[in-house]
Participant: 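The structure's right below; bear with me while I get my questions together.
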Amino acid sequence: MGRRKGSNTAQTSTNSSNQFEGTKIRFQDADDDGVATDNSNLDESILAVDKATEDVSMGEPDVSFVDSDAGDDKTSADYYFDSYSHFGIHEEMLKDVVRTKTYQNVIYQNKFLFQNKVVLDVGAGTGILSLFCAKAGAAHVYAVECSHMADMAKQIVETNGLSDVITVLKGKIEEIELPVAKVDIIISEWMGYFLLFENMLNTVLYARDKWLVNDGVVLPDKASLYLTAIEDAEYKDDKIEFWNNVYGFDMSCIKKQAMMEPLVDTVDQNQIVTNSHLLKTMDISKMAPGDASFTASFKLVAQRDDYIHAFVAYFDVSFTKCHKLMGFSTGPKSRATHWKQTVLYLEDVLTICEGEAIVGSMTVAPNKKNPRDVDIMVKYSLSGRRCVVSRVQFYKMR
């Protein structure tokens with residue numbers, strides 16, 4: 001099935017119905033300035049996730065990932081901050097209405113959280129979240145940004161007459177000193193592709209442990225990662241099988257590398273063949289930095305007879321400290337965001353019948369050499385009427 005125009009891999013950076021028990025609550029629509037019970041773009045509730053995460057194994061996985069860049073000394077950290085000095089990436093994020101409007105609604109519709117409170121904005125970028133917080137009545141906002149965009153943020157704050165409320169600090173969270181001992185709220189838009197790419201979460205956790213008061217609030221405070229499976233014959237053929245014959249030459253040696261690089265792209269919900277499985281939910285207010293490395297089992301049950309060419313990962317985030325549950329999803333059945341979805345192509349083409357299940361596990365960990373990159377190992381098996389397969393595949397987001 002053809003789809004996806006203008007796709008990009010993680011290297012170029014920046015739902016199926018969720019299956020679990022519990023009360024179904026929809027988030028408020030990000031375009032709705034009034035208080036509502038509908039959500040930003042979520043198809044199903046992201047509540048009641050504790051039971052669904054019972055099969056998650058925490059801690060640093062003991063897995064040796066394939067490192068195809070053994071001779072390359074350049075790390076993601078070398079270009080990470082510089083990449084956020086460019087205006088284009090900030091334009092893309094600001095124009096992501098689901099993302100930006102959800103944060104605005106969370107802040108403006110829950111002013112009781114912010115009034116007369118000290119706020120720390122981690123990775124402030126242009127300072128948009130700091131501006132929202134100032135308008136919501138924060139006593140003071142400290143906007144920390146490591147890239148050169150901090151200089152622009154200072155000008156933006158001055159231009160909008162908020163220099164008395166917002167202080168922009170240029171530098172790394174791990175290296176700066178705040179003028180205050182503690183803050184009441186930490187807000188950040190830290191999520192990357194596949195939720196964890198670029199590994200900014202650890203920076204938020206560092207700030208939490210160093211500066212947040214005991215009863216302080218982290219926004220957002222919950223993030224959940226999901227997995228589903230899709231039919232994608234035409235596009236896989238274009239992206240992977242292409243290397244078999246390139247203008248008459250065999251370049252199939254590149255296929256293995258191409259298969260290992262997840263594709264960040266928009267998936268048509270009609271391609272979804274299975275249910276979505278909740279891999280992991282992270283409580284940002286309580287988790288330890290090492291909890292971002294995990295192994296989680298999954299079971300994907302076919303909802304129709306079809307072929308499966310790839311797994312697809314996406315995430316939801318939620319703000320549970322609001323008057324009403326608020327948040328958004330990056331899933332295929334939700335309104336599109338700049339995060340899109342993450343496609344992991346399979347070496348096998350799986351022929352699956354309705355009711356049959358792919359079972360397996362996914363191990364996720366930061367790359368040991370480049371911690372802003374993500375190593376992924378997927379073990380999966382299918383014992384069906386038309387297909388029997390068991391395989392382990394490695395992926396690297398970089």
Side-chain angles (χ1 to χ4, degrees), residues 1 3-4 7 9-10 15-19 52 55-56 61 63 65-66 192-197 224-241 255-256 258-280 294-304 306-316 329-334 339-352 356-365 374-384 387 389-397:
M1 179 181 296
R3 57 93 178 90
R4 304 206 289 264
S7 61
T9 64
N15 41 30
S16 176
S17 298
N18 303 335
Q19 304 296 313
D55 59 348
V56 175
V63 177
F65 290 99
V66 178
Y193 297 137
F194 189 71
L195 183 62
L196 296 171
F197 181 62
S224 299
L225 185 66
Y226 293 87
L227 190 70
T228 188
I230 63 168
E231 178 280 322
D232 202 21
E234 185 176 333
Y235 206 73
K236 183 185 178 184
D237 187 67
D238 180 61
K239 297 295 292 185
I240 306 297
E241 304 306 326
K255 282 176 60 176
K256 183 178 180 181
M259 191 79 70
M260 288 180 61
E261 296 183 2
L263 184 73
V264 175
D265 208 348
T266 301
V267 172
D268 187 327
Q269 62 177 305
N270 294 323
Q271 295 175 259
I272 299 170
V273 178
T274 71
N275 64 301
S276 289
H277 188 100
L278 174 62
L279 293 171
K280 182 173 177 63
F294 63 90
T295 297
S297 61
F298 62 82
K299 182 178 182 179
L300 302 177
V301 180
Q303 298 172 335
R304 65 174 184 261
D306 210 331
Y307 300 100
I308 290 176
H309 301 88
F311 292 132
V312 173
Y314 64 93
F315 64 88
D316 299 346
S329 173
T330 65
K333 286 193 173 182
S334 300
W339 287 286
K340 304 177 184 179
Q341 292 89 40
T342 302
V343 181
L344 300 94
Y345 282 115
L346 306 181
E347 292 184 23
D348 307 288
V349 176
L350 308 184
T351 304
I352 198 166
E356 294 179 347
I358 305 168
V359 296
S361 65
M362 175 178 283
T363 297
V364 177
V374 179
D375 287 334
I376 304 165
M377 180 180 72
V378 180
K379 298 180 181 180
Y380 64 90
S381 63
L382 169 64
S383 296
C387 183
V389 65
S390 181
R391 190 178 289 277
V392 179
Q393 286 189 230
F394 296 89
Y395 304 89
K396 182 176 179 180
M397 297 199 72

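Computed from a predicted model, the values in this text were never measured in an experiment.
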Participant: Minimum heavy-atom separation for L279 and S297, please, with both atom names.
Facilitator: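 Where L279 meets S297 most closely, the heavy atoms are CD2-O, 4.2 Å.
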
Participant: Working to the nearest 0.5 Å, report the span between CD1 of I272 and CZ of R304.
Facilitator: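 Atom-to-atom, I272:CD1 and R304:CZ are 8.5 Å apart.
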
Participant: In chain order, what residues pass the ring pair (Phe, Tyr, Trp, His ring centres under 6.0 Å) check against F194, with sequence neighbours excluded?
Facilitator: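 Per chain and number, F194 pairs via ring pair (Phe, Tyr, Trp, His ring centres under 6.0 Å) with no residue.
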
Participant: Would one find more than 12 heavy atoms of other residues, nucleotides or ligands at under 6.0 Å from atom NZ of K255?
Facilitator: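 Yes, NZ of K255 has more than 12 neighbouring heavy atoms, counting only those of other groups under 6.0 Å.
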
Participant: C387 and side chain to side chain contact (heavy atoms under 4.5 Å, CB included): which partner among L350, I358, I308, D348?
Facilitator: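 The passing option is L350.
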
Participant: Return the CG to CD distance between D306 and Q271, rounded to the nearest 0.5 Å.
Facilitator: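 If we round to the nearest 0.5 Å, D306:CG and Q271:CD are 10.0 Å apart.
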
Participant: For N275 and V301, indicate whether the former's side chain and the latter's backbone hold a donor-acceptor pair under 3.5 Å.
Facilitator: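 Side chain of N275 to backbone of V301, a donor-acceptor pair under 3.5 Å: yes, one is there.
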
Participant: Cut-off 3.5 Å, side chains only: do S329 and Y226 have a donor facing an acceptor?
Facilitator: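 No pair is found: no donor N or O on one side chain lies under 3.5 Å from an acceptor on the other.
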
Participant: Write down the atom of M260, the atom of P262, and the distance for their closest heavy-atom approach.
Facilitator: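 Reported closest heavy-atom pair: O-CD, 3.2 Å.
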
Participant: Which atoms form the tightest heavy-atom contact between W339 and V264, and what is the distance?
Facilitator: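 Looking at all heavy atoms of both residues, the shortest contact is O-CG1, 3.6 Å.
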
Participant: Could you list the residues that satisfy side chain to side chain contact (heavy atoms under 4.5 Å, CB included) with S381, not counting sequence neighbours?
Facilitator: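 Partners of S381 under the side chain to side chain contact (heavy atoms under 4.5 Å, CB included) test: V359, S390.
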
Participant: Mind checking what makes side chain to side chain contact (heavy atoms under 4.5 Å, CB included) contact with D237, not counting sequence neighbours?
Facilitator: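 With neighbours one apart ignored, the set is E241.
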
Participant: How many angstroms lie between atom CZ of F394 and atom CE of M377, to the nearest 0.5 angstrom?
Facilitator: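 Here the interatomic distance stands at 5.5 Å.
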
Participant: Regarding T228 and T274, do their side chains bring together a donor and an acceptor under 3.5 Å, going by distance alone?
Facilitator: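 Note: T228 and T274 side chains meet the donor-acceptor criterion.
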
Participant: Rounded to the nearest 0.5 Å, what separates atom CG in D268 from atom CD in Q341?
Facilitator: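 Those atoms lie 10.0 Å apart.
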
Participant: Among V374, T295, L195, which one satisfies side chain to side chain contact (heavy atoms under 4.5 Å, CB included) with V364?
Facilitator: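 The single option meeting the side chain to side chain contact (heavy atoms under 4.5 Å, CB included) with V364 is V374.
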
Participant: Tell me, please, which residues at least two apart from E356 pass side-chain hydrogen bond (donor to acceptor under 3.5 Å, both in side chains).
Facilitator: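 By the side-chain hydrogen bond (donor to acceptor under 3.5 Å, both in side chains) rule, E356 matches no residue at all.
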
Participant: Using a 3.5 Å distance criterion without hydrogens, assess whether the side chain of E347 forms a donor-acceptor pair with backbone atoms of K256.
Facilitator: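 No, because the side chain of E347 does not come within donor-acceptor range (under 3.5 Å) of the backbone of K256.
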
Participant: For V378, which residues count as a side chain to side chain contact (heavy atoms under 4.5 Å, CB included) partner, sequence neighbours excluded?
Facilitator: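 F298, F311, M362, I376, Y380, Y395.
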
Participant: Hey, what do you get for CZ (F315) to OG1 (T330), rounding to the nearest 0.5 Å?
Facilitator: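 Separation between the atoms: 4.5 Å.
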
Participant: Measure the spacing between OH of Y314 and OG1 of T342 and express it to the nearest 0.5 Å.
Facilitator: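 Spacing of OH (Y314) from OG1 (T342) equals 12.0 Å.
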
